[in-house]
Amino acid sequence: MEKVQWRQQPSATSRAILSSCADDWGVLDFGDIEKNIASRLTDDGIGSILACIDAASNLNTLKLAGCVNITGCGLEPLRNSSVLKKI
């Protein structure tokens, strides 16, 4: 399987999501952001967000409420996470 390289700089949608969230990355809940933003998020965007926050080392819980365009490949940055407990 080819390893995907996520953007180093998040898209405008990803930046809006990151700016609306706290600095504590234990929980990332997309239900807390505007529905029109969550519904536009793609696997590329979620992958970029997860890479930006070093989710494999920091994220305990990921809630994808409203993220209707996610197929799953954007969750790759979570692979081998030592802290993830719940998606």
Side-chain angles (χ1 to χ4, degrees):
M1 180 176 188
E2 183 179 325
K3 185 174 180 175
V4 176
Q5 293 295 315
W6 302 108
R7 295 182 201 174
Q8 293 299 315
Q9 297 297 317
S11 68
T13 302
S14 298
R15 279 193 304 276
I17 292 166
L18 287 168
S19 69
S20 70
C21 297
D23 290 334
D24 175 19
W25 298 115
V27 176
L28 182 55
D29 185 353
F30 289 98
D32 289 342
I33 64 170
E34 294 180 33
K35 290 182 182 181
N36 68 340
I37 294 175
S39 67
R40 291 183 303 192
L41 189 63
T42 64
D43 283 284
D44 187 46
I46 191 121
S48 294
I49 291 168
L50 295 173
C52 283
I53 65 170
D54 189 18
S57 299
N58 296 308
L59 193 64
N60 301 111
T61 302
L62 175 62
K63 297 180 181 182
L64 297 169
C67 299
V68 296
N69 290 314
I70 304 298
T71 62
C73 64
L75 302 177
E76 179 66 27
L78 292 172
R79 185 178 296 276
N80 299 322
S81 172
S82 58
V83 295
L84 185 66
K85 296 176 184 170
K86 185 176 179 183
I87 296 180

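Values in this document were obtained by computation on a predicted structure and should not be read as measured data.
In this structure, N60 CG and K86 NZ are separated by 11.5 Å, a value rounded to the nearest 0.5 Å. Rounded to the nearest 0.5 angstrom, F30 CZ and I70 CD1 are separated by 7.5 Å. Expressed to the nearest 0.5 Å, how far CG of L75 lies from OG of S81 amounts to 11.5 Å. To the nearest 0.5 Å, atoms CD1 (I49) and CG (L41) are separated by 5.0 Å. Interatomic distance, CD1 of I46 versus CG of N69, reported as 11.5 Å (0.5 Å rounding).
In this structure T71 satisfies the side-chain contact (heavy atoms from CB on, under 4.5 Å) test together with D43, C73, sequence neighbours excluded.
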Can you list, pair by pair, the side-chain donor-acceptor contacts under 3.5 Å of residues 50-57, counting residues two or more places apart and other chains?
| unit_1 | atom_1 | unit_2 | atom_2 | d |
| --- | --- | --- | --- | --- |
| D54 | OD2 | S57 | OG | 3.3 |

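Shortest non-hydrogen contact noted between S39 and V68 is O-CG2, 3.9 Å. Residues L78 and L59 share a closest heavy-atom pair of CD2-CD2, 4.1 Å. Heavy atoms only, all atoms of each residue included: A38 and A65 are closest at CB-O, 4.1 Å.
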